[in-house]
Amino acid sequence: MSIMDKIDRQILEILQQDGKVSNAEISRRLGMVPSAVLERVRRLERSGCIERYEVRLNPRQLGLKLTVLVALDTVEPVNQHAVADALSGFPEIQEIHEVAGSSDYILKIRVADTDELSHVMRRIGALPEVRRARTTLILNTYKETSSVRLKPL
């Protein structure tokens with residue numbers, strides 16, 4: 001998106017706080033007519049600033065009590081992403097990050113228990129390009145968000 005003004009940023013802030021907020025409510029908060037807000041939201045969607053709308057679920061309430069970070073080392077050639085492509089099909093893996101440093105990928109995995117984690121780790125280890133995996137069990141999470149900080153204009 002080429003030009004984003006203060007109103008666009010306010011709309012994004014409101015939507016990040018509550019993705020279910022109505023166009024009429026955004027209009028009321030910003031003192032604008034609904035049609036102008038709707039056009040701005042559509043432009044933000046078309047430009048890719050708004051990728052999609054989601055519901056944030058509570059994993060623990062759904063029985064996914066373990067969160068694990070996995071540092072993955074591979075023998076994958078540079079600029080090849082076969083491992084990431086394969087891992088993208090694992091429903092237990094929430095995030096896959098290609099990183100610079102001592103590992104090639106960092107994964108975020110949510111599972112019900114250690115038995116399920118063991119099963120997932122065996123499947124990861126069976127990928128031919130995977131050389132080593134180091135797991136870190138998360139005991140407590142003090143901040144977790146998908147919100148993006150919007151820099152002031």
Report task. Begin from the C-alpha positions of Arg110 and Val68 and carry the test side-chain contact (heavy atoms from CB on, under 4.5 Å) through to its verdict. Result -> CA-CA 6 Å; Arg110 288 200 197 264; Val68 178; over 6 Å; no
Please report the interatomic distance [atom1]([X]) to [atom2]([Y]), rounded to the nearest 0.5 Å.
X	Y	atom1	atom2	result
Ser88	Ile93	OG	CD1	8.0 Å
Glu116	Lys65	CD	NZ	12.5 Å
Arg123	Leu87	CZ	CG	9.5 Å
Met4	Cys49	CE	SG	3.5 Å
Ile124	Tyr105	CD1	OH	12.5 Å
Leu72	Thr135	CG	OG1	11.5 Å

Report task. Report the residue from Leu107, Val70, Asp85 that forms a side chain to side chain contact (heavy atoms under 4.5 Å, CB included) with Ile96. Result ->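 Among the candidates, only Leu107 passes.
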Query raised in the report: Cut-off 3.5 Å, side chains only: do Thr74 and Arg132 have a donor facing an acceptor?
Result: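 Side-chain D/A pair, Thr74 to Arg132: absent.
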Report task. Would you check if there is a donor-acceptor pair between the side chains of Glu45 and Tyr53 at a distance under 3.5 Å? Result ->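 On atom types as modelled, these side chains qualify, holding a pair under 3.5 Å.
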Between [X] (side chain only) and [Y] (backbone N and O only), is there a donor and an acceptor less than 3.5 Å apart?
X	Y	answer
Glu76	Ala82	yes
Thr145	Ser147	yes
Asp104	Asp73	no
Arg42	Val37	no

For [X] versus [Y], what's the shortest heavy-atom pair and its separation?
X	Y	answer
Asp113	Leu66	C-CD1, 3.3 Å
Ser103	Arg134	OG-NH2, 2.6 Å
Gln16	Val148	OE1-N, 2.5 Å
Ile50	Val41	CD1-O, 4.2 Å
Arg60	Asn58	N-OD1, 3.0 Å

Establish whether [X] and [Y] are linked, either directly or via other cluster members, by ILVMFWY side-chain heavy-atom contacts under 4.5 Å.
X	Y	result
Val120	Leu137	yes
Val111	Leu62	no
Leu15	Leu150	yes
Ile14	Leu12	yes
Leu30	Leu44	yes

Query - Steps toward side-chain contact (heavy atoms from CB on, under 4.5 Å) verdict (Ile26, Ile11) - result: CA-CA 7 Å; Ile26 296 171; Ile11 290 170; 4.1 Å; yes
May I ask you to say whether [X] pairs ionically with [Y], meaning some side-chain N is under 4.0 Å from a carboxylate O?
X	Y	value
Arg40	Asp8	yes
Glu51	Arg46	no
Glu13	Arg149	no
Arg52	Glu54	yes

Requested in this report: Just do the side-chain hydrogen bond (donor to acceptor under 3.5 Å, both in side chains) check on Arg122 and Ser118 with the steps written out, would you?
Outcome: CA-CA 6 Å; Arg122 280 194 300 278; Ser118 179; 2.7 Å; yes
Requested in this report: Please check if atom CZ in Arg131 has more than 12 non-hydrogen atoms from other residues, nucleotides or ligands closer than 6.0 Å.
Outcome: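 Correct, the count exceeds 12.
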Requested in this report: Apply salt bridge (charged side-chain N to carboxylate O under 4.0 Å, His left out) to the pair Glu144 and Lys108, showing each step before the final yes or no.
Outcome: CA-CA 12 Å; Glu144 182 175 61; Lys108 179 179 175 184; 2.2 Å; yes
Query raised in the report: Stepwise, does the salt bridge (charged side-chain N to carboxylate O under 4.0 Å, His left out) test hold for Arg43 with Glu39?
Result: CA-CA 6 Å; Arg43 184 171 38 83; Glu39 180 51 40; 5.4 Å; no
